[in-house]
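Per chain, numbering begins at 1; letters A, B, ... match sequence-line order.
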There are 2 protein chains.
Amino acid sequence: MIKDATTVGSSTYEKIKHDIIFGIIAPGTKLKLGTLKNNYDASVSTLREMLNRLSSDGFVKAEEQRGFFVTDVSRKDLEEITNLRVLLECNALRYSIENGNTEWEAKVVAAHHKLHAMEKRVLEGNKDDIEMWKRYDGEFHLATIEACNNENLLKLHSTIYDKYLRYQMLVLTYRGQSAIDEHHEIFQAVLSRDADKAVQILTDHILNGQKDTIVKLPE
Amino acid sequence: MIKDATTVGSSTYEKIKHDIIFGIIAPGTKLKLGTLKNNYDASVSTLREMLNRLSSDGFVKAEEQRGFFVTDVSRKDLEEITNLRVLLECNALRYSIENGNTEWEAKVVAAHHKLHAMEKRVLEGNKDDIEMWKRYDGEFHLATIEACNNENLLKLHSTIYDKYLRYQMLVLTYRGQSAIDEHHEIFQAVLSRDADKAVQILTDHILNGQKDTIVKLPE
DNA sequence: AAAAATAAAATATCATATATTATTGTAAAT
DNA sequence: ATTTACAATAATATATGATATTTTATTTTT
């Protein structure tokens, strides 16, 4: 039996974060400590610690003496997040293509392989795998930028990516073959070390994803 | 009598953050809860909440079941932070120059005026005012980018700026007249809406600041 | 219908109990 | 004598439940 090495705190942190990103708790929901206590099996203090972390991450809004709320969504916010993802990921991609070695290339190949296999399954209608698919999507994009040699940048990107992901999950749309093609094009441009091309396609890829998302949002 | 609106939590958060940024607590220091309890007059739970926030911000490193530590410094990290500040602030500056109205211009003028007055005092040898000076420095740079119309970007920038500031405080160097000149040039370029020039000088300004800082760091 | 007073609910804080890690001391082995 | 391994102790971090404030909802009064 595998011993669960993590603390109560960090595992509840992951659970709550997951539930916010995947829309299980709706934007704006008040996170009452009493309710959370029952749902996540943790004490009030432990929960408060994790809610404070999530509030620094920007997934939760802490209102002084009034409690915690799931961060709201809006078109404006999505636009901001999208712009930031383009800025951070394109920048990281350039450096990564510049610095990456063969080891890195291998990881990109592997990540794209896993993503592509999943993309085919989802395209065939296997809607059970959506969470896995989104995970592989994230892992592919991460793999492409992982050689950028800037841990701080990767940390920021990770948070922004998760926020972007929440919007995608909230209005779940399937771009189907076109998104698959874009991934493939990014993959090829990265391997041929064509930074300009890779950045161009990535930018379009992110903006296309936003386009489908934004029309389904209120406001 | 002025009612103190903030909670014990957020005021200790500010205090600890301040003490980390201004080098009162050295990098790598273990933040023992018992000691903090005495120094900051707050309960362990409250402290843990705030340490978790600071750890998400990146000023504190939380090691599972081993406690909290002030984040380490290194040349590599400073380079990363500097690159990120250039990336974020230049991007924000372009949008700000594009979008800013007269109201915004007025704020930039005011912020530069305050900064410049303080710069003269510090140049004359008034070393007591360093903290105030750095605050006005930050407020000036913030003023220039505040019209960028992207709250998420401003939030990221604020955190990165504070990290950059910590490095400056750790190796406190005075660039004197040259930094003052750069501020003035940025100021003028911003008011004349010359984005390319403003970005160019800002980039140099940030990199020059790094140059003086990095040589005094270990590693 | 508006304002004030009261009751209920929720948050912020604290002190304490439990689990984990670090330290010290002791005995066996090199 | 020095090192290694183990056990006992001390120190520390994590987690919990209880209490004190504050906010929100309800009722009463004008």
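In this structure, of D/dT14, D/dA15, C/dT13, it is C/dT13 that holds the atom nearest to the side chain of B/Ser43. Checking C/dT21, C/dA15, C/dA12 against the side-chain heavy atoms of B/Arg66 singles out C/dT21 as nearest. Distances were taken from every side-chain heavy atom of A/Gln65 (C-beta onward) to each of D/dA13, D/dT16, D/dT23; the shortest belongs to D/dT23. Closest approach to the B/Val8 side chain among C/dT21, D/dT12, C/dT13 is made by C/dT13 (side chain taken as heavy atoms from C-beta onward).
Between B/Arg175 and B/Glu182 a salt bridge is recorded (basic side-chain N to carboxylate O distance below 4.0 Å). Between B/Glu139 and B/Lys114, at least one side-chain N (NZ, or NE/NH1/NH2) sits under 4.0 Å from a carboxylate O, which counts as a salt bridge. A salt bridge links A/Lys17 with A/Asp162: the distance from a Lys NZ or Arg NE/NH1/NH2 to an Asp or Glu carboxylate oxygen falls below 4.0 Å. Salt-bridge check for A/Glu63 with A/Lys61: passed, with a basic side-chain N closer than 4.0 Å to an acidic carboxylate O.
Nucleotide D/dT23 holds its P atom 15 Å from the CZ atom of A/Phe68, rounded to whole Å. If you measure from atom CG of A/Leu47 to atom P of D/dT16, you get 9 Å, rounded to the nearest angstrom. As rounded to whole Å, 8 Å separates atom C1' of D/dT16 from atom NZ of A/Lys37. Rounded to whole Å, the distance from CE on A/Met50 to P on C/dT11 is 17 Å. The interatomic distance linking A/Arg48 (CZ) with D/dT16 (C1') rounds to 15 Å, in whole Å. Residue A/Lys30 contributes atom NZ, which lies 6 Å from atom C1' of C/dA10 at whole-angstrom precision. Taking atom CG of residue B/Asp41 and atom P of nucleotide C/dA15, one finds them 11 Å apart after rounding to whole Å. One can place CG of B/Leu36 at 16 Å from P of C/dT13, the figure rounded to the nearest angstrom.
Counting any heavy atom pair closer than 4.0 Å across all strands shown, B/Glu49 reaches a base atom. Within the 4.0 angstrom heavy-atom criterion, base atoms lie near B/Leu33.
A cation-pi geometry, defined here as NZ or CZ lying under 6.0 Å from the six-membered ring centre and within 45° of its normal, does not hold between A/Arg166 and A/Phe22.
Scanning atom types as modelled, one donor and one acceptor separated by under 3.5 angstrom connect the side chain of B/Ser45 and the base of C/dA15.
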